[in-house]
Amino acid sequence: MPALDKGYWNARYERGETEWDLGEVSPPVKSYIDQLPNKHLRILIPGGGNSYEARYLWDNDFHDVTVLDISSVLIDKLKREHQHTGIKFETGDFFEHESEYDLIIEQTFLSSLDPALRQAYARHMYDLLWQQGRLIGVLFNREFGESGPPFGGSIKVYRRMFEPYFHFKTFAPCHNSFPARQGKEVFINFRKLDNLSKRR
């Protein structure tokens, strides 16, 4: 497996190898955003890709939105495309990112990471969220035959990852996935635990 570093992802974007790109907001994420009453949430989208979710949030009056991606090629492109918005686009490593958020949106980011990093991913999501913060989004509910990325998984695998850090409000197969992903996604809506010892 190649090193999944900044150089790798810059090369993918330069070559236009973005087959995971839906070309629109992920329908389950859109449905969740549509029912959010608080427009002042501090929102992070890590591994944000082409950031359809970020633009949808901005257009719907959520104006504290940060997109984080390791690819400077992508972030520079997004800054040009969205220069008339106040969306914050940052180049950086998720595991080195430090801030506080009320909501983090997961949309194919986990599937781009080496599976060896999954427990660290779950812990860092916990650390980035403010009290009562939520992690929501979609995860692939399938395995991929070829070597990744993307890397798949199952509810059983994800449950072990997240259980020490989150209360599960929703953790179920998606009913409203993008057509090409029907039957292949699980929707998550997790709330940060107040005390890690509750699940240890």
Side-chain angles (χ1 to χ4, degrees), residues 1-22 26 28-29 43-54 65-75 77-78 88-101 103-129 133-166 168 171 174 177-178 180-181 184-190 192:
M1 183 174 68
L4 304 178
D5 55 11
K6 181 176 180 177
Y8 173 86
W9 290 108
N10 275 342
R12 290 283 298 260
Y13 281 105
E14 285 170 345
R15 294 194 299 262
E17 294 177 2
T18 57
E19 58 275 8
W20 63 84
D21 190 287
L22 297 180
S26 171
V29 174
I43 302 172
L44 172 68
I45 307 176
N50 281 307
S51 297
Y52 307 110
E53 287 76 17
V65 180
T66 300
V67 174
L68 176 71
D69 204 283
I70 199 168
S71 170
S72 57
V73 169
L74 172 67
I75 292 297
K77 169 178 171 284
L78 292 172
K88 290 166 276 193
F89 294 101
E90 297 185 17
T91 302
D93 185 328
F94 167 76
F95 295 100
E96 297 174 1
H97 186 66
E98 295 183 3
S99 194
E100 292 177 342
Y101 299 96
L103 176 67
I104 302 178
I105 296 176
E106 161 62 57
Q107 162 58 2
T108 74
F109 176 52
L110 179 62
S111 67
S112 74
L113 298 175
D114 184 331
L117 297 173
R118 288 188 169 179
Q119 206 60 47
Y121 160 99
R123 176 57 199 248
H124 198 52
M125 286 292 190
Y126 175 92
D127 290 339
L128 287 170
L129 285 166
R134 289 188 181 270
L135 169 63
I136 73 98
V138 290
L139 305 171
F140 281 118
N141 191 21
R142 58 163 292 187
E143 296 292 348
F144 293 90
E146 68 280 4
S147 59
F151 301 99
S154 66
I155 290 179
K156 182 179 179 181
V157 169
Y158 300 139
R159 184 176 295 277
R160 288 197 299 268
M161 282 173 50
F162 290 115
E163 236 173 3
Y165 309 109
F166 293 95
F168 303 154
F171 199 170
C174 285
S177 293
F178 187 77
R181 294 186 183 172
K184 302 171 185 175
E185 290 182 319
V186 57
F187 186 77
I188 61 170
N189 179 351
F190 300 161
K192 175 177 178 171

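Worth saying up front: this structure is predicted, and the values here are computed from it rather than measured.
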Side-chain donor or acceptor of D114 paired with backbone N/O of L117 under 3.5 Å: no

Residue pair H97 / L128, side-chain heavy-atom distance below 4.5 Å: yes

Verify the distance criterion only: is there a donor paired with an acceptor across the side chains of Y158 and E163 at less than 3.5 Å? no

Could you pull out the closest heavy-atom pair between A54 and V65, with the gap in Å? CB-CG1, 4.0 Å

Under 3.5 Å: donor-acceptor pair, side chain of D69, backbone of E90: no

Using a 4.5 Å cut-off on heavy atoms from C-beta on, say whether the side chain of Q119 contacts that of P164. yes

Does the pair L139 and E106 meet the rule for a side chain to side chain contact (heavy atoms under 4.5 Å, CB included), with working shown? CA-CA 8 Å; L139 305 171; E106 161 62 57; 3.6 Å; yes

Looking at side-chain heavy atoms only, is the closest gap between L103 and R134 below 4.5 Å? yes

Can you find a heavy atom in the side chain of L135 that is under 4.5 Å from one in the side chain of Y101? no

Heavy-atom closest contact (G47 atom, F109 atom, distance): CA-CD1, 3.5 Å

Please report the C-alpha distance between K6 and D93 in whole Å, then the side-chain angles of each, then the deciding distance to 0.1 Å, and finally whether the side chain to side chain contact (heavy atoms under 4.5 Å, CB included) criterion is met. CA-CA 9 Å; K6 181 176 180 177; D93 185 328; over 6 Å; no

Specify the closest pair of heavy atoms between V67 and S51, including all atoms of both residues, with the distance to one decimal. CG1-OG, 3.4 Å

Which of these, I188, V138, V186, sits in a side chain to side chain contact (heavy atoms under 4.5 Å, CB included) with P28? V138

Please lay out, stage by stage, how F166 and N189 fare under the test side chain to side chain contact (heavy atoms under 4.5 Å, CB included). CA-CA 9 Å; F166 293 95; N189 179 351; over 6 Å; no

Straight-line distance of L129 CG to I104 CD1, nearest 0.5 Å: 4.0 Å

Can you confirm whether N50 sits close enough to L74 that some side-chain heavy atom of one is under 4.5 Å from a side-chain heavy atom of the other? yes

How long is the straight-line distance from CZ of F187 back to OG of S26, given to the nearest 0.5 Å? 8.5 Å

Enter the distance from E96:CD to I70:CD1 here, rounded to the nearest 0.5 Å. 8.0 Å

Centroid-centroid distance, F171 to F190, less than 6.0 Å: yes

I43 and T66: CA distance, side-chain angles, deciding distance, side chain to side chain contact (heavy atoms under 4.5 Å, CB included) verdict: CA-CA 6 Å; I43 302 172; T66 300; over 6 Å; no

Supply the atom-to-atom distance L44 CG to E100 CD, rounded to the nearest 0.5 angstrom. 12.5 Å

Test item: Q107 and E53 side chains (from C-beta on) under 4.5 Å apart, heavy atoms: yes

List the atom of N10, the atom of V73, and the distance in Å for their closest heavy-atom pair. OD1-N, 3.0 Å

Write down the atom of M125, the atom of P46, and the distance for their closest heavy-atom approach. CE-CG, 3.9 Å

Out of curiosity, L68 CG to F89 CZ, how far, rounded to the nearest 0.5 Å? 11.5 Å

Going by the angle between their ring planes, with limits at 30° and 60°, are Y165 and Y126 parallel, tilted or perpendicular? tilted

Kindly say whether the aromatic ring centers of F151 and F140 come within a distance under 6.0 Å. no

So do R118 and V157 actually touch side chain to side chain, heavy atoms under 4.5 Å? yes

Say you draw a straight line from CD of E14 to NZ of K77; how long is it, rounded to the nearest 0.5 Å? 12.5 Å

